[in-house]
Amino acid sequence: MSSNTVLEVENLSVDITVPAGTLHAVSNLSLQVDKGETLCIVGESGCGKSITSLAIMNLLPRKAILTADKLTLENRDLLTLSETDFATLRGDRIGMIFQDPMTSLNPVFRIGDQLEEVYIQHGKGGRKEARERAEFLLERVGIVAPTERLSQYPHQLSGGLRQRMMIAMTLMCDPALIIADEPTTALDVTMQAQTLNLLRSLQKEFNAGLILITHDLGVVARMADRVMVMYAGRAVETGTAEEVFDMPTHPYTQGLIDCIPVPGRTEPGSKLGSIPGIVPALVGDLDGCMFRNRCDHVSDACRSGDITLTEISAGRAYRCLLSPEESKNKLSVEGAA
Amino acid sequence: MPDAIQRRDLEDQVDEFEIAVPSPPELMKRRAKSHRGFIIGGSVVLFFLAVAVFAPVLAPYDPYDQDLTNRLVPPVWDAAKGTWDHPFGTDALGRDYLSRLMFGAQISLMIGFFAAAVSAVVGSCIGMIGGYFGGRVDNFIMYLINVKLALPGLLVALSLVSVFGGSILALILILSFLFWDRYAVVTRSVTQQIRVNDYITAAQALGTSRTRIIIGEVLPNVMNQIIVIASLEMAVAIIVEAALSFLGLGVQPPTPSWGLLLSEGRSYMFFMPYLINFPGLAIFFLVISINMMGDGIRDITAPEGRN
Amino acid sequence: MAKFLLHRLYIAILVAITVSVIAFSLLRLSGDLAAELAGEDASEEEIVLMAKQYGLDRPLYVQYFDWAGSALTGDLGRSLFTNEPVVEMIFERIGVTVKLALYAILISLMVAIPLGVMASVRPNTLTDRFSLGIAVFGQAIPNFYFALLLILLFGVKLRWLPISGNDSFAHFILPAFTLGLGAMPQFMRLTRSGMLDVLDSDFIRTARAKGLNPRRVLFKHALRNAILPIVSLMAVVLGFLLGGTVIIESIFALNGVGFLAFESIMRQDFPVVQSIVFILSLSYIVLTLLSDLINAQLDPRIRLG
Amino acid sequence: MNQLMGQFGHPDRDAIPALECRNVGRTFMIKKGLFAEKQPLKAVQDVSLQVNRGEVLAIVGESGCGKTTLAKMLLGLLEPTTGEILLDGEPINSVSIKDIAKKVQPVFQDPYSSLNPRKTIEQIISLPLKVHEIGSKESRRARVEEYMRLVGLPKRLIHSYPNQLSGGQRQRVAIARALIMEPKIVVCDEPTSALDVSVQAHILNLLQDLREELNLTYAFISHNLAVVEHLADWVAVMYLGRLIEFGKAADIFNNPKHPYTRALLDSVLTPDASLGLPEITLGRGLPNPLAPPSGCYFHPRCPEASDQCSAEPPALIENEDRLIECHLYK
């Protein structure tokens with residue numbers, strides 16, 4: 001592990017007790033984020049990507065049980081921390097941006113109070129310093145007349161502005177890691193690119209690690225240094241953005257890419273590729289490949305046993321029984337068809 | 001539909017990972033079976049109901065029969081004077097207290113049930129109309145609700161009873177007038193939430209009449225709430241009826257209303273506390289079990305559909 | 001905000017006028033007022049004379065405006081029974097009733113809010129069950145029966161507290177407690193459900209993600225939002241308690257407005273009853289206006305919206 | 001204006017368009033407070049467009065651009081305050097909502113809110129038949145089964161409730177309900193934006209198939225331009241209630257003219273890892289529709305705005321292969 005590593009997670013699992021049994025929301029997930037690096041976690045609803053972020057933040061619901069072999073932030077072991085000690089890290093070393101900017105800010109307090117509060121809570125300075133920091137950051141996120149905005153209430157701002165406030169708020173204490181959970185999903189398309197641009201330039205400037213969680217392959221392709229594709233609570237493919245998009249090795253990744261119409265690439269009016277079948281409910285004992293019911297390349301071997309991640313090169317891995325050769329041949333033929 | 005159309009049988013085979021999701025009725029049945037409060041509350045309510053219905057058969061005496069030689073006989077567990085002739089003792093006029101309590105259940109349940117039902121119909125109609133139509137109609141209905149809330153209900157009820165008398169029909173109507181607003185407030189706000197759903201717009205786009213939309217699309221989704229409020233309001237109606245009778249402005253003597261029993265027993269309560277405890281506890285247990293049932297219904301019918 | 005309050009004021013005035021009409025009709029419902037006034041064995045002529053004397057032979061709306069007009073100047077007529085001015089009768093007693101209602105709401109708030117908050121922080125635990133138990137008990141026990149039980153226990157058996165009259169603070173303890181118990185369940189449930197909703201909201205997640213200390217999250221960020229509906233309910237309940245004093249005041253022989261209302265109803269003294277109904281309605285209207293004002297202060301979405 | 005529309009775009013000039021809007025506008029009177037004057041909110045202004053049988057018209061724009069109001073007018077749920085809408089050449093306001101319903105049916109965005117949770121799939125799909133009193137109970141059942149097959153829903157789901165269905169299945173139910181009246185036009189309001197991408201592909205493919213098989217006309221409302229490009233024959237770009245660009249889909253995607261259309265197209269993020277994030281220079285968000293900017297509504301956000309843009313509103317003119325409302329084009 002290099003000294004650049006901000007977050008390291010090994011074999012993280014999250015089990016949630018539900019009436020029907022135990023829900024394995026996340027299984028054996030490992031990841032690593034470096035300073036200034038963007039890791040995109042991509043997957044469809046219910047794949048466990050948001051639970052992963054809450055697990056790292058230690059904000060899981062009460063009924064969820066977290067297990068992991070390793071969970072460190074800037075070389076600090078998070079697994080042994082008490083809730084009180086963990087709280088001192090949140091907002092200070094890790095910041096989080098949520099999906100819906102309309103509901104993520106407290107409606108009864110001024111924006112300024114909500115920004116300054118983090119700074120003061122973590123002992124960075126007094127009211128005056130906090131105000132200066134807030135004004136500085138508001139300017140950085142491109143807000144004109146920051147002093148005025150700070151004395152406003154959330155309902156007086158548009159969605160795009162509120163999301164910028166959220167970004168500013170996470171940067172108040174200069175965090176080592178930012179987790180953004182679908183930060184632009186609730187925004188208009190024209191706001192999306194601007195907000196992402198802002199997020200990325202600030203992340204680079206502050207040299208923070210960024211975990212960006214999204215279902216939008218377009219966002220992933222444009223934002224990610226490295227990508228982790230999740231399906232059914234597991235990582236099914238990891239690699240750099242180029243590797244994953246140009247040469248997907250897991251049938252699910254390939255399927256996802258084929259599903260979306262791309263201007264200039266898919267023929268208008270043509271049939272889109274599609275993934276049949278349903279997402280498994282992750283309750284009870286899970287055995288074999290979770291994607292087998294929707295996969296064109298399924299064999300008997302896929303139905304049982306523990307299917308592990310196969311590593312192709314450093315940081316490049318996939319969870320499938322097809323050999324890299326096979327997957328290359330089969331998937332690329334299909335992609336071309 | 002043209003014949004040449006390709007039939008799609010995309011999802012006809014059952015997926016290996018498909019698990020049976022119960023339908024809303026099944027879900028409710030399941031939740032009902034495992035809801036302790038609902039079962040206990042429901043059983044006690046059923047017990048009271050059975051006592052009320054079969055009072056003429058079950059009661060050992062005529063509740064109006066006076067026996068002045070056997071006045072104020074204590075219950076059977078009073079070692080000195082209790083007898084099995086009158087297991088719950090007798091009142092100041094020697095009437096069998098158990099029989100009077102059993103017939104009292106009739107009055108409480110009848111008034112409670114009908115008051116809750118009448119006000120449910122009136123209040124829900126008002127609420128759904130306000131919630132669905134919005135605008136001026138809704139403003140008017142909000143104004144009606146505000147007027148109702150502003151009036152001191154119990155006082156108005158007392159004055160009305162003193163004018164119209166304490167017949168059971170009058171009591172039911174007066175109590176209904178007291179309770180319609182809760183239904184209106186709740187159904188109105190629930191209807192407002194339902195109205196914005198696309199299935200309502202879809203029905204409108206079909207040219208469905210407003211009445212049909214309210215009855216066919218809105219009502220099934222408000223019904224849970226109406227039943228929950230109805231159960232709670234029935235409990236309150238029972239208490240208020242007892243209160244009116246206790247104050248002497250409800251059911252008139254010698255009818256064995258529980259409230260009346262309490263008020264009659266009050267003069268003797270320092271020496272014969274059972275005279276107030278029996279009717280008091282009867283009201284308490286009936287009301288608490290109805291409440292438990294109502295809370296149970298609320299949990300059982302908790303909105304499903306959205307995950 | 002000015003617009004919001006102006007709108008509320010407009011509705012309040014409309015409601016107040018309607019309520020006055022209803023209160024006025026309450027008097028007319030009682031049958032032939034003139035016959036009532038003239039006494040039981042009055043002759044036809046005497047009744048007609050009476051009607052003339054009190055202006056009862058005029059059209060109803062004229063009588064209403066007459067009544068409303070004098071009500072505006074603070075004249076609510078005279079009692080049929082004691083012939084005292086109604087206003088004086090009510091003002092002599094309203095202090096007792098207000099005191100009782102305030103004590104009751106204080107008691108119920110002091111119990112309900114802490115319990116509701118605790119229950120919402122730890123749902124489905126012993127605390128939660130306990131507070132739910134109190135709520136269920138408070139809802140199910142008829143207050144007149146509970147009052148009698150309290151009298152038996154504290155008044156007769158233990159002889160700790162007086163059971164009738166309104167001479168000292170001690171006289172208010174039992175009635176206020178009885179009344180407060182009835183109001184408690186609503187506050188408790190609203191606090192609990194309101195807090196559960198708020199604690200589940202995105203902005204609380206944000207507050208926790210900021211690493212704020214849990215007490216600050218709970219008492220600053222959550223309670224501040226959950227308190228808004230409680231303020232509204234307080235006005236409703238206080239209005240309701242003022243009206244609900246009828247039973248409790250008669251049981252504990254507290255000489256308040258409730259007791260007066262009860263006595264007046266029993267002796268068909270309708271000018272007094274209608275005035276009490278009207279005054280209690282007015283106080284409800286004022287209370288809700290006040291709660292709107294407070295909520296507008298607490299909620300910037302209203303204040304600046 | 002109508003002359004203009006007639007000359008423009010449609011080779012088959014004699015054909016009556018399946019759907020035509022002529023200067024359609026809708027103004028809501030918004031009352032702010034009790035004593036305040038009512039303010040006009042022009043949700044849709046002066047929209048003229050047409051689409052032939054079997055074609056797909058896409059209406060695109062940000063939220064608040066008037067897409068949904070326009071959709072409601074097409075469905076007959078709102079009356080236009082100005083202009084008129086014609087179905088097969090017949091003005092929509094001359095017929096009853098029931099007659100409109102036979103020709104136009106909606107498919108909505110959120111498959112969770114578009115199905116009544118208290119009703120079975122059979123009840124939901126057969127509702128149109130019941131409301132229009134078509135057929136007996138048995139024949140309705142048969143028809144429901146037929147349409148379930150048409151949209152790819154297994155028959156075994158007929159007695160299920162919406163909560164037992166996946167998002168994709170629910171959207172199929174909504175499509176079956178829309179089609180059972182055999183309408184000519186389907187108004188699709190963001191039909192896939194609430195679905196996962198793998199499910200979205202299924203639904204888009206289904207919509208394509210159905211259009212070919214049933215010769216349907218779609219009014220397809222969406223903010224997802226990738227989907228629009230894939231599906232649409234015609235594209236109408238709306239901004240703050242105004243139609244600012246209208247033309248053939250291929251033309252608009254190959255050569256967007258209006259600066260707003262260009263910005264919209266630029267903000268499409270294709271999954272191409274070799275590209276970075278686009279620089280969008282729109283600056284602020286949508287202005288307050290109650291107090292729209294002077295001149296061209298788009299000028300405060302427009303990178304190419306001149307003094308003329310803030311002073312006078314541009315007119316909708318025909319420019320080469322399309323209609324456009326911008327001072328840059330004369």
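Order of the sequence lines sets the chain letters (A, B, ...), proteins ahead of strands, with each chain counted from 1.
The contact between His132(D) and chain B is made entirely by side chain atoms (from C-beta outward), counting heavy-atom distances below 4.5 Å. The contact between Lys130(D) and chain B is made by backbone and side chain atoms together, counting heavy-atom distances below 4.5 Å. Proximity to chain B is limited to the side chain of Arg177(D), based on heavy atoms less than 4.5 angstrom apart.
Taking both residues in full, the closest heavy atoms of Gln171(D) and Gln109(D) are given as NE2-O, 3.4 Å, listed atom of the first, atom of the second, then distance. In this structure, Leu165(D) and Ser160(D) approach most closely via the heavy-atom pair CD1-CB, 3.8 Å. Residues Arg53(D) and Leu214(D) approach most closely at NH2-O, 4.0 Å, considering heavy atoms.
Counting heavy-atom pairs closer than 4.5 Å to chain D, the top-ranked of the candidates Ser209(B), Ala20(B), Ala203(B), Pro22(B) is Pro22(B). Per-residue heavy-atom pair counts under 4.5 Å with chain B were compared for Pro106(D), Pro111(D), Ala174(D), Pro128(D), and the maximum is reached by Pro128(D). Chain B forms more heavy-atom pairs under 4.5 Å with one residue of Leu127(D), Leu75(D), Ile100(D) than with any other, namely Leu127(D). When Leu115(D), Ile97(D), Ile180(D), Val107(D) are compared by the number of non-hydrogen pairs under 4.5 Å with chain B, Leu115(D) comes out ahead.
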*For the pair Arg140(D) and Glu122(D), evaluate salt bridge (charged side-chain N to carboxylate O under 4.0 Å, His left out) and give the outcome as yes or no after the intermediate values.*
CA-CA 9 Å; Arg140(D) 286 203 289 256; Glu122(D) 182 183 5; over 6 Å; no

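Between Arg211(D) and Val186(D) the shortest side-chain heavy-atom distance does not fall below 4.5 Å.
Annotation: Glu79(D), atom CD; neighbour count of heavy atoms from other residues, nucleotides and ligands within 6.0 Å does not exceed 12.
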